[in-house]
Amino acid sequence: MVTSMRRQDRRVQPRIVTLNSDEITGLLVAESNFERQPFILCDVSETGIGIWTPEKLPMDSSIKVILGAEFGNITVSCQVMWCSEDPERKGFNSGMCVKGEVHSYIYKYIKEKCDQGA
């Protein structure tokens, strides 16, 4: 398991970095216009997630994150805290604040999966 900290998104909890391991993907749905786009989960902490998307996400927008069968096809509500261009991967990295108990399930699942692979 790899953990790191970043100042720009102000998460004080350690994060589990999922990028460069098995890619965890899903679909984002903007609550304002129901526009959909794919994402790759880059990291997760107890209060938020870091994702990569092909298109920029508006700051403070409300987003539904849909994770696939490995998570029981769950949907979580998020708020975009920051979004910055990633020219190397030709897309955008975003920090999302995740709300609700469902996020604890995602964090525990990924932590267990990473611990088993370590």
Side-chain angles (χ1 to χ4, degrees):
M1 176 176 68
V2 178
T3 60
S4 65
M5 298 283 287
R6 290 194 303 198
R7 281 189 216 124
Q8 74 247 34
D9 60 357
R10 299 186 182 145
R11 275 191 257 168
V12 295
Q13 298 86 9
R15 67 184 63 212
I16 300 169
V17 178
T18 60
L19 200 60
N20 301 326
S21 60
D22 296 331
E23 282 193 348
I24 299 171
T25 61
L27 188 66
L28 297 178
V29 180
E31 291 185 3
S32 60
N33 60 7
F34 302 107
E35 186 176 319
R36 296 171 180 253
Q37 71 170 297
F39 73 91
I40 297 173
L41 185 65
C42 300
D43 63 66
V44 61
S45 73
E46 291 184 25
T47 58
I49 60 174
I51 62 170
W52 176 90
T53 55
E55 296 178 30
K56 187 173 184 173
L57 300 175
M59 280 275 285
D60 294 324
S61 60
S62 294
I63 304 285
K64 295 281 187 192
V65 175
I66 304 168
L67 293 162
E70 64 200 270
F71 294 98
N73 294 310
I74 60 172
T75 301
V76 293
S77 296
C78 300
Q79 180 178 4
V80 179
M81 304 305 290
W82 60 268
C83 184
S84 61
E85 188 172 7
D86 183 346
E88 190 174 302
R89 296 181 64 212
K90 297 183 178 162
F92 296 86
N93 295 314
S94 297
M96 315 279 279
C97 177
V98 181
K99 301 164 189 152
E101 290 181 24
V102 175
H103 182 257
S104 295
Y105 170 73
I106 296 168
Y107 179 79
K108 288 175 186 170
Y109 176 87
I110 292 173
K111 185 173 184 326
E112 284 178 18
K113 188 173 179 180
C114 290
D115 286 345
Q116 289 171 358

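In this chain, numbering begins with 1 at the start of the sequence shown.
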Rounded distance [0.5 Å steps], [atom1] in [X] versus [atom2] in [Y]:
X: Ser77; Y: Met96; atom1: OG; atom2: CE; result: 10.0 Å
X: Phe39; Y: Trp52; atom1: CZ; atom2: CH2; result: 12.0 Å
X: Arg89; Y: Ile40; atom1: CZ; atom2: CD1; result: 5.0 Å
X: Glu55; Y: Cys83; atom1: CD; atom2: SG; result: 10.5 Å
X: Ile63; Y: Thr75; atom1: CD1; atom2: OG1; result: 13.0 Å

Would you say Val65 and Ile51 make side-chain contact, with heavy atoms under 4.5 Å?
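No, every pair of side-chain atoms sits at 4.5 Å or beyond.
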May I ask you to test the Trp82-Asn93 pair for a side-chain heavy-atom distance under 4.5 Å?
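Yes, close enough: below the 4.5 Å cut-off.
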side-chain contact (heavy atoms from CB on, under 4.5 Å) partner of Ser94, the single match among Leu28, Leu57, Ile49
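Answer after filtering Leu28, Leu57, Ile49: Leu57.
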Measure from the side-chain N and O atoms of Gln37 to the backbone N and O of Thr53, and report whether any donor-acceptor pair falls under 3.5 Å.
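No; judged by distance alone, with no hydrogens or angles, the pair does not exist.
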Considering residues at least two apart in sequence or located in another chain, which fulfil the side-chain contact (heavy atoms from CB on, under 4.5 Å) criterion with Gln79?
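Expected list: Asp60, Met81, Lys99.
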Search all heavy atoms of Leu27 against all heavy atoms of Pro38 and return the closest pair with its distance.
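Between these two residues, the closest heavy atoms are CD1-N, 4.0 Å.
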